[in-house]
Amino acid sequence: MTSMAGSTAPTGTRPDPPGRVRRFSPAERWVHRATGWLMLVCLVTAACLYFGPLAQLVGRHHVVVFLHEWSGILLPLPVLLGLFSAAFRADLRRLNRFAVYDRQWLRAVRRRRRSPEARPAGKFNAGQKIYAGWIAGAVLVMMFTGLLMWFMGLLPFISRTSAIFVHDLLAWAITFVVLGHMRKAFEDPEARLGMRTGYVSRSWAEREHSRWLRTDRDGSVAERTHEE
Amino acid sequence: MAGQSKPDAEGGAPVGRRALLGMLGAGAASLAAAPYLQRGWEGFLGAASQVDATGLTGLLPNPGGFRYYSVVGSVPRKDETNYALTVGGLVDRPKTYTLADLRAMPQTRVVADAVCTDGWRVDDVPFEGVKLADILDEAGVHSSGAAVRFTCFDGAYSENLTLEQARRSDMLVALKMQDKPVTHEHGGPVRLFTAPMYFYKSAKWLSGISVTDKVVPGFWEERGYDIDGWLDGADRHAA
């Protein structure tokens, strides 16, 4: 466990293929995959409950409700299980902390400067960091308001109508933000490859996440292959 | 861990955590402000739908509106030509009503709130139709009859009332809703309207009324819902 931190891969793995850099451990990819599927089920069933024409097409109200409620309840579970993985915990720390160059990244976005040099990033760029924090908070608010609708009278001072109002509005926000997240992924095949296989090309890493490998190398821990 | 972990921005501001907590705060604030926000929102939607030819405003969040529920995949459509309401069970004169028969009977208008257990409600909805009591009287209920079972032409849904509940004057076999014939989506051409009870008791697509000697749990009651779906504050002993 101690030899893990700061490295880009768990200890004991085989060396990287030539020209490839380890970006995500299997545990992290499973967390992402499971969360993604749960989110998809949750959003699709939500649409079936929400839009009259879809509701009429699909019917089976109790089945749709069951899927919606349970995919929603289980949504944080992959992340919680991921906490057992040191690599995942290390990435959570990376996502949490903002560096000076992250502010530079945000400024570049505001000024619509697209070149990779204008947008320096560590393992995660500033947008990914804000997205991660926001979606985590949003899922918790959705769970809370969802539970209020599910178990009526749980907190009598909050009316069910209020819970539904917040649940509905935030559902729209999440829909658009998740669509944005997916659009970003579709625009960058190498990023998708990283999430699918765990590896990205070194050139991509140095271009899109210029401070990632550099910072890790400068850190107190050397490259992972030397650790054992 | 400390001292060893060197994520790429160690010691930087915890922006991720702030985004999370900020979202939680915004959620709590909007819950608190929801009653006020919603009133404004409904006003805006009302105004917008006046000038909206596309119907897109119907997609916007509006907990004030009806929501469509069906427990089956698809529901057959019925109209004047093929609708039938069968009354049977412990009665002297079993009968099948057509839509025209029901329209020819005395009509009663009840204005009440439609309240769903899922939390949405629509206030002051006018329903109009034949009093359930009139239909029961016409059929002549046996002395052994104690409850009424309702079945629906969706093929799955069922509901129930005790005989005493069914004879109340605010229990309707509704033909009109909001002063228009009940649409298919709202359970037309004929649905039940049980004004003092939660809306799940108001079975849609009503096709059968059967007097039984005891209460037979309906679709949702078999799945844990209250047998009597009284609304809070309903007068349970009104006639």
Side-chain angles (χ1 to χ4, degrees), chain A residues 2 5-6 49-52 55-62 89-102 122-124 126 129-134 136-138 140-141 144-145 149 152 158-166 168-172 211-212 215-216 218-221, chain B residues 1-35 37-38 41 58-75 115-121 154 156 184-185 219-220 223:
Chain A
T2 47
L49 295 171
Y50 193 83
F51 299 118
Q56 287 169 46
L57 194 69
V58 176
R60 296 175 186 83
H61 186 71
H62 48 297
R89 290 200 303 273
D91 275 354
L92 280 188
R93 280 191 294 276
R94 287 190 175 93
L95 284 168
N96 184 25
R97 295 287 175 179
F98 239 46
V100 178
Y101 51 75
D102 285 320
K123 183 169 182 181
F124 301 106
K129 291 178 180 183
I130 292 171
Y131 172 77
W134 183 85
L140 291 177
V141 172
F144 181 71
T145 49
M149 292 153 66
M152 292 168 274
I158 304 178
S159 85
R160 264 172 276 150
T161 332
S162 299
I164 291 180
F165 183 71
V166 174
D168 282 6
L169 280 184
L170 191 52
W172 276 104
R211 308 297 174 97
W212 167 28
T215 319
D216 276 4
D218 295 345
S220 60
V221 182
Chain B
M1 281 281 157
Q4 296 206 23
S5 95
K6 278 277 175 194
D8 38 39
E10 189 166 9
V15 169
R17 191 185 305 154
R18 282 179 200 162
L20 191 156
L21 294 175
M23 188 54 239
L24 292 185
S30 42
L31 265 182
L37 289 174
Q38 202 177 339
W41 181 246
L59 300 181
L60 294 170
N62 180 11
F66 286 99
R67 294 188 186 199
Y68 175 88
Y69 292 159
S70 160
V71 298
V72 299
S74 74
V75 183
V115 184
C116 178
T117 48
D118 279 9
W120 56 265
R121 64 182 295 149
D154 69 348
H184 176 77
E185 289 70 31
F219 184 89
W220 284 120
R223 289 159 178 80

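Just so we're on the same page: letters track the sequence lines, and every chain starts at 1.
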Which residues pass the side-chain contact (heavy atoms from CB on, under 4.5 Å) test with B/S30, sequence neighbours left out?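 Counting only residues at least two positions away or on another chain, B/S30 forms a side-chain contact (heavy atoms from CB on, under 4.5 Å) with A/V166.
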Tell me, do A/F98 and B/R18 make a side-chain contact under 4.5 Å, heavy atoms counted?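 SC-SC contact between A/F98 and B/R18 ruled out.
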Compare every heavy atom of B/G12 with every heavy atom of A/R97, then report the nearest pair and how far apart it is.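 A/R97 and B/G12 have their closest heavy atoms at NH1-O, 2.8 Å.
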B/A34 and A/F165: which non-hydrogen atoms are nearest, and at how many Å?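 Closest heavy-atom pair between B/A34 and A/F165: CB-CD2, 3.9 Å.
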Does any backbone or side-chain atom of [X] lie under 4.5 Å from a heavy atom of chain B? Answer side chain, backbone, both or neither.
X: A/A138; value: both
X: A/I158; value: side chain
X: A/F144; value: side chain

When rounded to the nearest 0.5 angstrom, what is the spacing between CG in A/L170 and CG in B/L31?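 Reported to 0.5 Å precision, the distance equals 10.0 Å.
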Distance, nearest 0.5 Å, that separates CG of B/L20 from CG of A/N96: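 Answer rounded to 0.5 Å: 9.0 Å.
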Determine the option with the most heavy-atom pairs under 4.5 angstrom with chain B, choosing from A/A163, A/S162, A/A136.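 Maximum pair count with chain B is reached by A/S162.
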